[in-house]
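What follows is one structure encoded as structure tokens, with my remarks underneath.
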Number of protein chains: 2
Amino acid sequence: MPKKRTNDTVSSVDVARLAGVSQAAVSRTYTPGASISEKMRQKVLAAAEQLGYQPNIIARSLSGKATRLIGIVMVKIGDPFYARILAAFSRKLQEHGYWSLLLNVNDDLGLEEALPQALQYQVDGIVLTSATLSSPIAARCAAMGVPVVMFNRYSLEVAVNSVGCDHAQGARDLADFLLKGGHRRMAYIAGEENSSTNQERERGFTEGLAAAGQRLFARESGDYSYAAGFDATGRLLARPERPDAIFCANDWMAIGAIDQARQSGLKVPEDLSVVGFDDAAMAAWPRYSLTTINQPIDKLVMAAVEVLVNAIESPTEDRVIKLIPGRLVVRNSARLPVGHKKSA
Amino acid sequence: MPKKRTNDTVSSVDVARLAGVSQAAVSRTYTPGASISEKMRQKVLAAAEQLGYQPNIIARSLSGKATRLIGIVMVKIGDPFYARILAAFSRKLQEHGYWSLLLNVNDDLGLEEALPQALQYQVDGIVLTSATLSSPIAARCAAMGVPVVMFNRYSLEVAVNSVGCDHAQGARDLADFLLKGGHRRMAYIAGEENSSTNQERERGFTEGLAAAGQRLFARESGDYSYAAGFDATGRLLARPERPDAIFCANDWMAIGAIDQARQSGLKVPEDLSVVGFDDAAMAAWPRYSLTTINQPIDKLVMAAVEVLVNAIESPTEDRVIKLIPGRLVVRNSARLPVGHKKSA
DNA sequence: CACTTTTTTGCATACGTATTCAAAAAAATG
DNA sequence: CATTTTTTTGAATACGTATGCAAAAAAGTG
């Protein structure tokens, strides 16, 4: 005996009967802008109150209305940084009167399974975080008229909206900053190699170096984790000639890098500069005081939500891609350029 | 012109027409256990494939079926610890074929607003994390036949299922451990005062001390944040006589406490022992190596999901409260009892 | 094959709400 | 007041799916 709503869920018909009006009147009471007199509205509300009536959004959506449900697809929800993003999304969406249907996904493969499920729920829109969208899937969303916005990820092939931080520019800024600080042997510790975020950051960094006629001195692979940063730095420091600055693809690895450096008897930033990316909460801790790029999460999320809501409420063929600049946050983990005044 | 599913979403009727069968046949194809021949099933599936048909769960739920939607009510989604809980919940629920409707709430007041909204979506069940449930609200859920499970929080007055860590027992274990380690002046740094978690932990700790004829030596208030732990510890250390051990209501504050102690020139654990609660990711970092109580998140969440799913699928009046023990994780932030062998 | 039993099928209806349409009521106009 | 215009109202229907029921088909039985 699966599911058996123990009791009669009270419907608009019940309310109508009690109020002595038609069911349509009840419906109109809850439809902003519908034609209904104040007198009737009050009668209905009174009856509704008495019965504890709440309109059934599910049923409402059947007759052509929106579900006001947004599918949020995410990997690594447990990661502190993504958690902040999720929190911002759900909050912002709620402000716009939308609710979040959470799709916890392991990888792009899981996406291909999860998305059709989300579509079954007739979501009004989809937020895609840290996952890439294949063309066929995108096509299906389009066919169903469900707008999509990709967050911190974009693809030029697939026609889909996108909002993200300008990772390349941020990385370029870091390169400039390190160059001005007189560093000459710069290493990069990569995040997950196939993540577009990692690629953008590396591209920006090497471009920044190239603009000054320099090249990457060394490169290690990581996976965005503390341990990866710690280990990779160990390998870098074991070289005959050490790098004098390390750019880690994210803050967690940078923090690992700092711990490793100190454990190896080096002073940061005197002997080695370390910079990261994201401006995670811990980057501000005195112990690390990490120079990094602040991803303005609230601004990013707000923009993404606005793009999505706009696409939902006034459908169009236009596709928008928004790149929002990150902000260089200068702290004490990297040697300062001479005469530099610190910001935040 | 708000919302306008650009095209005709393909329905069971369309599939039926193409396959040359009745709409009922299509419905039965997607209803496990329904009476339908293999031949017809194949015809339907072929047609469905061709049209890209997906059953509409929303509509399905209208005719008495479950929505397979679970409302997850949470505060502080952005907090790393809660994020892990949320991740575990959504994953576990998905394994059971349920999806998560996320309700981001600021406080108990927000709950009172959010819950009716969730109920509008005809959720099959509700998970309540770090929030308390008032009797009237609980009554409404009950009236609608929507099972609820509270996580890491329980109330004896309100008849509702509950699963959580045995905070009091964990705190008692910590008290024992510190006592055996020869500590005599123990301080407690509280989390948010009115959180039941905080109260349980303090109760367990003082009970543990009382069992050995001791009392709390000092007490400070905090709010679970790193900064609060840091500051509160500063106040404790400024006393004429210092505590020799501090139990912080959670790991974040404990980490703040350690940093403060070191900054004040004390050695941990030689001069001061610090213990926490939760076993957050950072507790394991060599720098902190925090002795703490591990909250078995996966086990807790699994239990909660099972309680909820069970309540949904075989309704009953019975109410279950489950307390799951935490595990003392001995690391190096607290002096060991003589002859103690370290565990994890 | 004639008959009974079982399985499969389609028809009709229900679920809760929104909306079109035409009728009714109210308001405005002369 | 008679007439026109506007607003409000209820009846009927649609949305997409599930299911009780009876008819039809298939399978089993002697």
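Values below: all heavy atoms of this structure, side chains included; hydrogens, waters and symmetry mates excluded. Reminder, nothing fancy here: chain letters follow the sequence lines and each chain counts from 1.
- In this model, a donor atom of one side chain and an acceptor atom of the other lie less than 3.5 Å apart for B:Arg153 and B:Thr197.
- Scanning atom types as modelled, no donor and acceptor separated by under 3.5 angstrom connect the side chain of A:Gln23 and the base of D:dA11.
- First and last contacting nucleotides of DNA chain C toward chain A (any atom under 4.0 angstrom from a heavy atom, 5' to 3' order): C:dG16 to C:dT20.
- Rounding to whole angstrom units, CD1 of residue B:Ile36 and P of D:dT19 are separated by 13 Å.
- Side chains of A:Leu115 and A:Cys141 form a contact here, defined as non-hydrogen atoms less than 4.5 Å apart.
- Here the side chains of A:Gln50 and A:Leu18 are in contact, with some heavy-atom distance below 4.5 Å.
- Contacts of B:Val21 with the nucleic acid, taken as non-hydrogen atoms under 4.0 Å apart, involve only primed sugar atoms and P, OP1 or OP2.
- Of the two residues near DNA chain C, B:Ala24 and B:Leu62, the one whose nearest nucleotide lies more 5' is B:Ala24.
- Counting to the nearest Å, the C1' atom of D:dT17 and the CD1 atom of B:Ile57 are 12 Å from each other.
- Within the 4.0 angstrom heavy-atom criterion, base atoms lie near A:Ser35.
- Under the side chain to side chain contact (heavy atoms under 4.5 Å, CB included) criterion, B:Ser11 pairs with B:Val13, B:Asp14, not counting sequence neighbours.
- For the pair B:Glu38 CD and D:dA26 P, the interatomic distance rounds to 16 Å; values are reported in whole Å.
- For D:dT17, its base never sits under 3.5 Å from the side chain of B:Ser27 at any donor and acceptor pair.
- Taking B:Glu38 as the reference, nothing meets the salt bridge (charged side-chain N to carboxylate O under 4.0 Å, His left out) condition, with sequence neighbours excluded.
- Residues A:Gln122 and A:Ser61 have side chains not in contact (no heavy-atom distance under 4.5 Å, counting atoms from C-beta outward).
- Dashed line: the shortest gap from a side-chain N or O of A:Ser22 to OP1 or OP2 of D:dG10 is under 4.0 Å.
- Along DNA chain C, the nucleotide nearest to A:Tyr30 and the one nearest to B:Ala25 differ in position, and the one closer to the 5' end is contacted by B:Ala25.
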